[in-house]
Protein chains: 2
Amino acid sequence: MRDRVREAVRVLDYHPNIMAQGLARQRSYLIGLVYENPSPSYGVDLQMGVLDRLRGERYRLVVLPVRSVNDHADEVVGLLRSAAIDGVVLAPPASDSRRILDELVGIGMPFARISPTQFDDIVPGVVVDDVVAAAEVAGAVLAQGHRRIGIIKGDPTHAASSARMTGYADAFAAAGARIDPTRVIDGLFTFDSGFAAARTLLDRPDRPTAILAQNDDMAVGALMAARELGIDVPRDLSIVGFDDSEIARITWPRITTMRQPVFDMAVSATSLLLDQLSGTPVPATIAHEHRLILRESIAPPPVAGG
Amino acid sequence: MRDRVREAVRVLDYHPNIMAQGLARQRSYLIGLVYENPSPSYGVDLQMGVLDRLRGERYRLVVLPVRSVNDHADEVVGLLRSAAIDGVVLAPPASDSRRILDELVGIGMPFARISPTQFDDIVPGVVVDDVVAAAEVAGAVLAQGHRRIGIIKGDPTHAASSARMTGYADAFAAAGARIDPTRVIDGLFTFDSGFAAARTLLDRPDRPTAILAQNDDMAVGALMAARELGIDVPRDLSIVGFDDSEIARITWPRITTMRQPVFDMAVSATSLLLDQLSGTPVPATIAHEHRLILRESIAPPPVAGG
DNA sequence: ATGAAAGCGCTAACAA
DNA sequence: TTGTTAGCGCTTTCAT
């Protein structure tokens, strides 16, 4: 009998109607990924991670890009409900939006936060220690002897930007130095913003001997700016990034950076979400390790500038 | 009365249940994007294009990445049906899979093909002339005087690979030259495959003075290989890519490439799909223009090699 | 203009 | 084990 059904399925080429299934069982088997898209590198790793984890699972991924999370936090939740999504992976800065988190809790939609930096009571989430990581990468530059250091921050609406700034400051303090606020420029996590910021930093006569960029796209932008000004990296200028995106290893010199396992974090976050959806208890937090990736983009400062 | 309803909606914070709506009206407001992911650059442009067109529309995007379209063509269709998708944008090489196209036609699911190269009767689709485009970029290299030219092909399972090869051959013929088959290597559209292929090409004593890569990721891989071998680009080696992805403008030297408006093509394909879904008649084909983007990665061959 | 009712295709609870 | 039935929340058709 069981076999007769199978046979009929085959003969009729029967495929269940997902929406009827969903209606009856209150489940769409769709999960969402909310993110802003400043850095393509980051977005790719993120999405690949989620998709990788979803492979073989019944769930599908709906991408919900948002222009600016902070401007449109309310829309996001409406988006989520109206998309009939079972749960959502929140990437920065959506993962730090009180508004979004509260609504999600309110409507009882499961979620997993990637790199949350506040509201620690709202779980689960996947984290790395941004502050310590930033301190380490800044420390590597300071250890080379650099003191005239420019900083290209990330998008100010992302909490990671200030967290990394704090880490930089810690490293400077530990080295008996301090950050020169006139050499700190806000970027947007994009190549172009890094390029522009670096031009500003490098156009000054007392230009920095090193630049700390808060992600790799901006670091590569800075590298391009240096190139156009005829400044040799790393001889005349050291540059470090953050993330260890693919972009950091395809340039020349390759960029020294702080590895943040975005792909793995996305996998973990997705697991956290799937577990919730299947009723499995989940830990409040999954921590991932950062790691300094030393490449050719740093060197001691030039003698004249040391 | 109408107002009383609106008021109730507000008070109860009523949100329609999409799946019930879907069940009743046989529509999920979900569209799919099927693609293989060799080149991250291409994938990003593609997806951004679709999402951009979807902004403000009711439709959401479900991403359906496929390991290898050719190995799993049958799965794809199952995926599509079971995902309750209203229509699908097919990127290469899914857009060239007879199996997939037939099934789609069979079940009556609307679709739009991006860069189809065969089965012209199956429409609609968004195209650029790969052959002519490839001929132009090869022509630019030949015009510099290069004759010992290496070629890094794309993934052989993508029809674009052979189309571009045809274009290269046309250009060689027009220049009274011919392709040296021993200098043609299959790549996979990835940075690493371009790197490996370039190493092979450059390790020979009579190494080429120019390399044609069939996309930008591989061109940048070739650039890296040259760097590691101490070969100066463009002085000792010219390199050109294809696509004009962001990756081609963030390296040094920046890569001369053939602009293929992937983003715009994705927008057009999505429009084609949305129009079908709304019952609007659509043209069989939307053509997009290619354009040679001259950058610093090419120069005349070195004298000793000319 | 408003109300009533019959599905949409499935799941889950219950009977047989 | 197999069969039956009542919803799931909406749209659409038909009556009022």
Side-chain angles (χ1 to χ4, degrees), chain A residues 1-32 54 56-62 64 75-88 103-104 106-110 273-280, chain B residues 1-32 54 56-62 64 75-88 103-104 106-110 273-280:
Chain A
M1 152 63 43
R2 192 172 221 80
D3 294 337
R4 286 177 51 204
V5 173
R6 289 196 200 294
E7 177 60 13
V9 165
R10 211 184 50 69
V11 173
L12 302 174
D13 188 29
Y14 169 85
H15 282 260
N17 177 316
I18 298 288
M19 282 180 300
Q21 239 176 245
L23 218 212
R25 126 165 49 163
Q26 303 296 14
R27 206 149 249 224
S28 63
Y29 292 101
L30 254 28
I31 71 167
L54 249 30
E57 300 283 347
R58 189 171 185 180
Y59 287 85
R60 302 252 140 45
L61 206 223
V62 177
L64 302 163
E75 292 174 29
V76 172
V77 180
L79 217 64
L80 292 174
R81 332 176 55 142
S82 68
I85 277 170
D86 289 346
V88 60
E103 289 263 22
L104 252 21
I107 62 177
M109 181 181 289
L273 188 57
L274 293 180
D275 284 348
Q276 290 179 73
L277 291 171
S278 67
T280 311
Chain B
M1 151 62 43
R2 192 173 223 77
D3 293 337
R4 286 176 52 204
V5 172
R6 291 196 198 294
E7 177 60 11
V9 164
R10 210 183 52 68
V11 172
L12 301 174
D13 189 28
Y14 169 85
H15 282 259
N17 178 316
I18 298 288
M19 282 180 299
Q21 238 176 249
L23 219 212
R25 108 164 68 160
Q26 304 295 18
R27 207 151 245 227
S28 62
Y29 292 102
L30 253 28
I31 71 167
L54 249 30
E57 300 282 347
R58 189 173 184 179
Y59 286 85
R60 301 256 140 43
L61 205 223
V62 178
L64 302 163
E75 293 174 27
V76 173
V77 181
L79 216 65
L80 293 174
R81 332 176 54 146
S82 67
I85 278 170
D86 289 345
V88 60
E103 289 263 21
L104 251 22
I107 63 178
M109 181 182 289
L273 188 57
L274 293 180
D275 284 349
Q276 290 179 74
L277 291 170
S278 68
T280 311

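When reading the values below, keep in mind they use all heavy atoms of this one structure, side chains included, and skip hydrogens, waters and symmetry mates. Below, chains carry the letters A, B, ... as their sequence lines are ordered, and counting in each starts from 1.
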Visitor: Please walk me through it: do B:Arg10 and B:Glu7 pass salt bridge (Lys or Arg N to Asp or Glu O under 4.0 Å)?
Guide: CA-CA 5 Å; B:Arg10 210 183 52 68; B:Glu7 177 60 11; 3.1 Å; yes
Visitor: In whole angstrom, what separates B:Leu23's CG from D:dT11's P?
Guide: 11 Å
Visitor: In whole Å, what is the span from the CZ atom of B:Arg4 to the C1' atom of C:dT2?
Guide: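 Rounded to the whole Å, the gap is 11 Å.
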Visitor: Find the distance A:Gln21:CD to D:dG7:C1' and express it as a whole number of Å.
Guide: 16 Å
Visitor: Rounded to whole angstrom units, what separation is found between the CE atom of B:Met19 and the P atom of D:dC10?
Guide: 11 Å
Visitor: Tell me whether the count of non-hydrogen atoms from other residues, nucleotides or ligands lying under 6.0 Å of CZ in B:Arg58 goes above 12.
Guide: yes
Visitor: Distance check: side-chain N/O of A:Tyr29 vs OP1/OP2 of C:dC10, anything under 4.0 Å?
Guide: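 Answer is no, no contact under 4.0 Å.
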Visitor: Should B:Tyr59 and B:Asp86 count as side-chain neighbours, where that means a heavy-atom distance under 4.5 Å?
Guide: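 With C-beta onward as the side chain, the pair touches.
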Visitor: Please report, rounded to the nearest Å, how far the P atom of C:dT11 is from the CG atom of A:Asn17.
Guide: 10 Å
Visitor: Hey, does the side chain of B:Gln26 come within less than 4.0 Å of C:dC8's phosphate (OP1/OP2), counting only N and O?
Guide: no
Visitor: Using atom CZ of B:Arg25 as one end and atom P of D:dG9 as the other, report the distance to the nearest whole Å.
Guide: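 It works out to 17 Å between those atoms.
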Visitor: Does the side chain of B:Leu80 come within less than 4.5 Å of B:Ile107's, by heavy atoms?
Guide: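 A side-chain contact is absent here, since even the closest heavy-atom pair is not under 4.5 Å.
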